[in-house]
Chemist: 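Structure below; questions to follow.
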Amino acid sequence: MEKIIDGEKLNIPEHVAIIMDGNGRWAKKRLMPRNFGHKAGAKVVEQICEDAHSLGIKYLTVYAFSTENWKRSVEEVSGIMNLLRNYLVDSIERASKNNMRVRVIGDRTALDKDIVEKIEELEDKTAQYDGLTFTIALNYGGRDELRRGIKAITADVKAGKISEDAIDEKLISSYLDTSDLPDPDLMIRTSGEVRLSNYLIWQLAYAEFCFMDVLWPDFTIEDLKEAIRYYNGKERRFGGVK
Ligand code: FPP
């Protein structure tokens, strides 16, 4: 979809995937605990969903907690989980206001039961909305997602539901958590790190990657527009001028 943004005609990516990095450093700069940064980061998530929708983005997918993040301190992990609890509950009302469908990808089996119930309720209550589709990657790892998908394919081959010859790229995609999403067109990672960190490794095969220096709690619609301009090939340097 094309849209005029700040006087410039731009092609809007349909699906944007974000690695929200830099919460810890943002908090440290303020001599505050890491969870202070995650809290600020969660607020930015709410705003960016509205901004993404207003810019014409149809799908937004964010990395909230990776399969590797369990290695962090108990205090930090429980802080993030509590933020998510609140977010999942508050989102029911917010999503209805913003016409937003919310869904969660990743391995739910390791999550607390009450979180799984809150996810199911939120997915159920927002399934009808057709504005932005907002996907939260939670206890998500790209390799783990492939592992689970391959197990499911193998089980279906064994059960005679599909033949081995039917295994093509489309079929593999249909066994992943993202089966109902188009592949991302643009991947944004904040905080200056240039890594994929096991995020959507299958789905990002053809995406444009935009690495930005801004720390996630400082991310605004202006940064999102900058990433979209980069996606359009209109800007080649990042983070330098602010
Ligand atoms: C990366 O920053 C951020 C995370 C691992 C957690 C992201 C979580 C949130 C933004 C809050 C909850 C999300 C939602 C959807 C409500 P970091 O801690 O690695 O920062 P650092 O690299 O500066 O230490």
Side-chain angles (χ1 to χ4, degrees), residues 16-53 57 59-95 98 100-108 110-112 114-116 118-119 121-123 126 132-142 144 177-178 181 187-200 211-220 223-224 239:
V16 176
I18 305 184
I19 301 180
M20 312 180 287
D21 200 3
N23 294 345
R25 274 163 285 168
W26 185 88
K28 196 173 174 196
K29 278 207 310 202
R30 287 161 180 76
L31 307 175
M32 293 297 278
R34 296 179 58 79
N35 283 336
F36 181 72
H38 295 316
K39 196 169 175 188
K43 272 266 155 243
V44 171
V45 170
E46 290 173 24
Q47 183 59 47
I48 288 304
C49 283
E50 287 184 30
D51 296 339
H53 183 55
I57 292 164
Y59 301 88
L60 179 69
T61 302
V62 300
Y63 209 178
F65 196 85
S66 76
T67 45
E68 289 74 36
N69 283 152
W70 298 104
K71 291 182 208 145
R72 297 189 177 201
S73 73
V74 176
E75 192 192 355
E76 184 170 355
V77 170
S78 64
I80 295 177
M81 289 300 160
N82 280 335
L83 272 176
L84 283 159
R85 275 190 178 88
N86 294 337
Y87 180 85
L88 293 167
V89 173
D90 296 350
S91 282
I92 295 181
E93 204 182 309
R94 209 174 18 250
N98 299 337
M100 177 169 87
R101 179 164 77 110
V102 188
R103 41 197 308 297
V104 173
I105 57 170
D107 183 2
R108 292 180 191 188
L111 300 176
D112 285 351
D114 75 293
I115 294 191
V116 177
K118 287 180 173 71
I119 291 171
E121 189 184 354
L122 178 61
E123 287 184 334
T126 64
L132 180 76
T133 293
F134 178 51
T135 304
I136 304 169
L138 183 54
N139 192 28
Y140 175 88
D144 182 65
D177 297 346
T178 50
L181 303 178
M187 194 286 293
I188 301 169
R189 182 171 190 150
T190 59
S191 92
E193 306 290 349
V194 184
R195 282 194 297 276
L196 201 46
S197 299
N198 205 10
Y199 191 42
L200 302 172
F211 296 98
M212 309 180 85
D213 285 339
V214 60
L215 302 176
W216 177 252
D218 290 327
F219 192 88
T220 67
D223 298 299
L224 187 55

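Remember, predicted model here, so these are calculated numbers, not experimental data. Counting starts at 1 for both ligands and their atoms, following the listed order.
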Chemist: Would one find an N or O of Gly41, backbone or side chain, under 3.5 Å from an N or O of ligand 1?
Modeler: no
Chemist: In the protein, what heavy atom is nearest to atom 8 (C) of ligand 1, and what distance, to one decimal place, separates them?
Modeler: Ala64 O, 3.6 Å
Chemist: Taking only non-hydrogen atoms of Glu46, do any sit less than 4.0 angstrom from ligand 1?
Modeler: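 It does not, in that no heavy atom of Glu46 comes within the 4.0 Å cut-off of ligand 1.
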Chemist: Between the side chains of Lys43 and Glu46, is the shortest nitrogen-to-carboxylate-oxygen separation below 4.0 Å, so that they form an ion pair?
Modeler: yes
Chemist: Identify, for atom 12 (C) of ligand 1, the protein heavy atom at the shortest distance, and state residue, atom and that distance.
Modeler: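 In this structure, atom 12 (C) of ligand 1 has Ala42 CB, 4.2 Å as its nearest protein heavy atom.
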Chemist: Can you label the angle between the Tyr140 ring and the Tyr199 ring as parallel, tilted or perpendicular, going by 30° and 60°?
Modeler: perpendicular
Chemist: Do any nitrogen or oxygen atoms of Arg72 come within less than 3.5 Å of a nitrogen or oxygen of ligand 1?
Modeler: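 Yes, Arg72 has an N/O under 3.5 Å of an N/O on ligand 1.
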Chemist: Is Tyr87 in polar range of ligand 1, meaning some N or O pair under 3.5 Å apart?
Modeler: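 Such a contact does not occur with ligand 1.
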Chemist: For atom 22 (O) of ligand 1, what is the closest protein heavy atom, and at what distance to 0.1 Å?
Modeler: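 For this ligand atom, the closest protein heavy atom is Arg25 NH2, 2.9 Å.
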Chemist: When you compare ligand 1 with Tyr63, is there at least one nitrogen or oxygen pair between them that comes in under 3.5 angstrom?
Modeler: no
Chemist: With respect to Asp21, determine whether any N or O atom, backbone or side chain, lies less than 3.5 Å from an N or O atom of ligand 1.
Modeler: yes
Chemist: Would Gly22 count as a contact of ligand 1 if the rule is a heavy atom under 4.0 Å away?
Modeler: yes
Chemist: Could you tell me the residue and atom name of the protein heavy atom closest to atom 14 (C) of ligand 1, and the distance to it rounded to 0.1 Å?
Modeler: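 Looking at atom 14 (C) of ligand 1, the protein heavy atom closest to it is Leu84 CD2, 3.9 Å.
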Chemist: Which ligand 1 atoms does Asn69 reach within 4.0 Å, using its non-hydrogen atoms?
Modeler: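 Result: 5 (C).
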Chemist: Could you check which of Ala27, Pro217, Gly24 puts a non-hydrogen atom nearest to atom 20 (O) of ligand 1?
Modeler: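 Result: the heavy atom closest to atom 20 (O) of ligand 1 is in Gly24.
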Chemist: Can you sort out the partners of Arg85 under salt bridge (charged side-chain N to carboxylate O under 4.0 Å, His left out), two or more places apart, ordered by chain and number?
Modeler: Asp112, Asp114
Chemist: Distance check, rounded to the nearest 0.5 Å: Thr135 atom OG1 versus Arg101 atom CZ?
Modeler: 7.0 Å
Chemist: What's the spacing between Leu181 CG and Leu200 CG if we round to 0.5 Å?
Modeler: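 Answer for the CG-CG pair, Leu181 versus Leu200, is 9.0 Å.
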Chemist: If you count every heavy atom of other residues, nucleotides or ligands that lies below 6.0 Å from Lys39 atom NZ, does the total exceed 12?
Modeler: no
Chemist: Roughly how far apart are Glu123 CD and Leu88 CG, rounded to 0.5 Å?
Modeler: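 Here the rounded value is 9.0 Å.
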Chemist: Checking a contact table here: which protein heavy atom is nearest atom 11 (C) of ligand 1, and how many Å away?
Modeler: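 Going atom by atom, the protein heavy atom closest to atom 11 (C) of ligand 1 ends up being His38 O, 3.7 Å.
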Chemist: Would you call the rings of Phe65 and Trp70 parallel, tilted or perpendicular, where under 30° means parallel and over 60° means perpendicular?
Modeler: perpendicular
Chemist: Applying a 4.0 Å heavy-atom criterion (strictly less than), which segment of Arg34 is in contact with ligand 1: side chain, backbone, both, or neither?
Modeler: side chain
Chemist: Should Lys39 be listed as contacting ligand 1, given a heavy-atom distance under 4.0 Å as the test?
Modeler: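 False for this residue.
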Chemist: Testing Glu75, Glu76, Glu68 one by one against Arg72 for a side-chain hydrogen bond (donor to acceptor under 3.5 Å, both in side chains), which residue passes?
Modeler: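 Filter result, single survivor: Glu76.
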Chemist: What protein heavy atom is closest to atom 9 (C) of ligand 1, reported as residue, atom name and distance in Å?
Modeler: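 Of every protein heavy atom, Asn23 ND2, 3.9 Å lies nearest to atom 9 (C) of ligand 1.
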Chemist: Under 4.0 Å from any heavy atom of Met20, which atoms of ligand 1 are there?
Modeler: 1 (C), 2 (O), 3 (C), 10 (C)
Chemist: Measure from the side-chain N and O atoms of Asn139 to the backbone N and O of Arg108, and report whether any donor-acceptor pair falls under 3.5 Å.
Modeler: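 No; judged by distance alone, with no hydrogens or angles, the pair does not exist.
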Chemist: I want to check something: taking the side chain as every heavy atom from C-beta on, are His38 and Trp216 in contact at a cut-off of under 4.5 Å?
Modeler: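 No - every pair of side-chain heavy atoms lies 4.5 Å or more apart.
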